[in-house]
*Asks:* 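Following this message is one structure expressed as structure tokens.
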Amino acid sequence: MDNVIGLEIIEVVEKAAIASARWMGKGDKNMADQVAVDAMRARMNQVHMRGRIVIGEGERDEAPMLYIGEEVGICTQENAEAFCNPEELLEIDIAVDPCEGTNLCAYGQPGSMAVLAISEKGGLFAAPDFYMKKLAAPPAAKGKVDISKSATENLKILSESLDRAIDELVVVVMKRERHDELIQEIRAAGARVQLISDGDVSAALSCAFSGTNIHALMGIGAAPEGVISAAAMRALGGHFQGQLVYDPAIVKTKEWAGKTKEGNLAQLQAAGITDPDKIYDAHELAKGETVLFAACGITPGVLMKGVRFFNGGARTQSLVISTQSKTARFVDTIHMFEKQPRSIQLV
Ligand SMILES: O=C(COP(=O)(O)O)[C@@H](O)[C@H](O)[C@H](O)[C@H](O)COP(=O)(O)O
Ligand SMILES: [Mn+2]
Ligand SMILES: [Mn+2]
């Protein structure tokens, strides 16, 4: 799978990132999202694969999305039988977030990116559009920290695993009312908190690389983003655990204000989730034999630069991670928009 689509999926995230970046700083998060969705879909439909979207995104906040169950790939085009034999093409499942951090993009803030994860059919957990409690940590702490332990206990374990004092640890937490106590606890334990408004995929991913000065992600974000983060963390050998959250009183968001715990539990049951309290590790959320992850920076982030436009083109930076080739590949691309570019700029 790696060789066949590895290179093509770089372009899928690049196209989405470029489209979204044109709306960077314009204050319109839906447009930033919509153009990324359209660009991702268009490029995906040229890839030689039989793909199925298992995680789209947007139901929760009614954002534009690639639909769950949507089929993508070259064989979904009109007259496809004239130039491809579906039986010969790879059947794969895809989790996408064409613009992860729509607010970040709309308001010109760091950390938004176009992102996707791919595995063979059945290889990715088809997470419902719920919330998820998450714990991400560096490879050295994998299997040692535990989402069922308190933040204080996990910080002690992290400190031992990384051989650094607790006050040398930085934990990323989303700035949300639901995290007020968690933030207090982390600070009381002596660690430092980096608050983010959005973009917890980037935060989870950053934990896997030493040198980012991010040592853990704690707290509750969205479940679809949890699966995408898990795919990357599995391939990188980092720690990732997730647990669905179904109680609106814990989540404390206006989106869930009208929901009930009982209603949410019934929804999970209907989705085939028999144990709503299950703690999933990265290998369960992204269990396929081969897992690919690709991201392209929209705005500048910890790991990737954002899209930089010049007259007639743009430069992007992407990251492709593969369990098959055991690589984390940073890809730097200059895109030429005109047939005869006037100049190709190293921006
Ligand atoms: O920041 C995020 C928003 O993603 P997007 O809608 O694609 O721009 C994600 O990283 C978070 O995981 C998540 O969606 C967020 O935490 C949801 O929580 P809330 O904003 O409190 O509803
Ligand atoms: Mn997102
Ligand atoms: Mn998004």
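The figures that follow rest on heavy atoms only: side chains count, while hydrogens, waters and symmetry mates do not. Computed from a predicted structure; not experimentally measured. Ligands are counted one by one from 1 in listed order, and the atoms in each one are counted from 1 as well.
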*Asks:* Enumerate the atoms of ligand 1 whose separation from the nearest heavy atom of Cys99 is less than 4.0 angstrom.
*Replies:* 7 (O), 8 (O)

*Asks:* Should Lys144 and Glu160 count as an ion pair when the cut-off is N to O under 4.0 Å?
*Replies:* no

*Asks:* Taking 4.0 angstrom as the limit and counting only heavy atoms of Thr253, give me the atoms of ligand 1 inside it, by number and element.
*Replies:* 21 (O), 22 (O)

*Asks:* For the 3.5 Å polar cut-off, considering only N or O atoms, please tell me whether Ser197 and ligand 1 meet it.
*Replies:* no

*Asks:* Considering distance alone, does some N or O of Val201 sit under 3.5 Å from an N or O of ligand 1?
*Replies:* no

*Asks:* Which atoms of ligand 1 have any heavy atom of Gly199 under 4.0 Å away?
*Replies:* 1 (O), 2 (C), 10 (O)

*Asks:* Quick check: Tyr246 with Phe130 (ring centres under 6.0 Å apart)?
*Replies:* no

*Asks:* Any ion pair linking Arg43 and Glu8 (charged N to carboxylate O, less than 4.0 Å)?
*Replies:* yes

*Asks:* Examine all N, O or S atoms of Glu225, backbone included, and report whether one is under 2.8 Å from the Mn ion (ligand 2).
*Replies:* yes

*Asks:* Any carboxylate oxygen within less than 4.0 angstrom of a Lys/Arg side-chain nitrogen, looking at Arg41 and Glu70?
*Replies:* yes

*Asks:* How does Glu225 reach ligand 1, if at all, at less than 4.0 Å between non-hydrogen atoms: by side chain, backbone, both, or neither?
*Replies:* side chain

*Asks:* State whether Asp332 and Arg315 are salt-bridged, where the test is any N-O pair (Lys NZ or Arg NE/NH1/NH2 against Asp/Glu carboxylate O) under 4.0 Å.
*Replies:* yes

*Asks:* Under 4.0 Å from any heavy atom of Asp198, which atoms of ligand 1 are there?
*Replies:* 1 (O), 2 (C), 3 (C)

*Asks:* Would you say His179 and Glu181 are linked by a side-chain donor-acceptor pair, where the criterion is simply a distance under 3.5 Å?
*Replies:* no

*Asks:* Could you establish whether His179 and ligand 1 come within less than 4.0 Å of each other, counting only heavy atoms on the residue side?
*Replies:* no

*Asks:* Locate the shortest heavy-atom distance separating His215 from Cys207; write the atom from each residue and the value.
*Replies:* C-SG, 4.1 Å

*Asks:* Counting from 1, what ligand 1 atoms have a heavy atom of Gly101 closer than 4.0 Å?
*Replies:* 4 (O), 5 (P), 7 (O), 8 (O)

*Asks:* For ligand 1, which part of Asp200 has a heavy atom less than 4.0 Å away: the side chain, the backbone, both, or neither?
*Replies:* both

*Asks:* Among Glu255, Met174, Arg178, which residue places a heavy atom closest to atom 18 (O) of ligand 1?
*Replies:* Arg178

*Asks:* With heavy atoms under 4.0 Å as the rule, classify the contact between Lys134 and ligand 1 as side chain, backbone, both or neither.
*Replies:* side chain

*Asks:* For Asp97, take its heavy atoms, then give the atoms of ligand 1 lying under 4.0 Å from any of them.
*Replies:* 7 (O)

*Asks:* Is it true that the NZ or CZ of Lys133 lies under 6.0 Å from the centre of Tyr131's six-membered ring and within 45 degrees of the ring axis?
*Replies:* no

*Asks:* What is the name of the N/O/S atom of Glu100 that is nearest to the Mn ion (ligand 2)?
*Replies:* OE1

*Asks:* Closer than 4.0 Å to some heavy atom of Tyr131 - which atoms of ligand 1 meet that?
*Replies:* 17 (C), 18 (O), 19 (P), 22 (O)

*Asks:* Would you find more than 12 non-hydrogen atoms of other residues, nucleotides or ligands less than 6.0 Å from Phe337 atom CZ?
*Replies:* yes

*Asks:* Do the non-hydrogen side-chain atoms of Ile55 and Val96 ever get within less than 4.5 Å of each other?
*Replies:* no

*Asks:* Show the atoms of ligand 1 that are less than 4.0 angstrom away from any heavy atom in Thr102.
*Replies:* 5 (P), 6 (O), 8 (O)

*Asks:* Just verifying a value: how many Å separate Gln243 CD and Tyr280 OH, rounded to the nearest 0.5 Å?
*Replies:* 9.5 Å

*Asks:* So which N/O/S atom does Asp97 have closest to the Mn ion (ligand 3)?
*Replies:* OD1

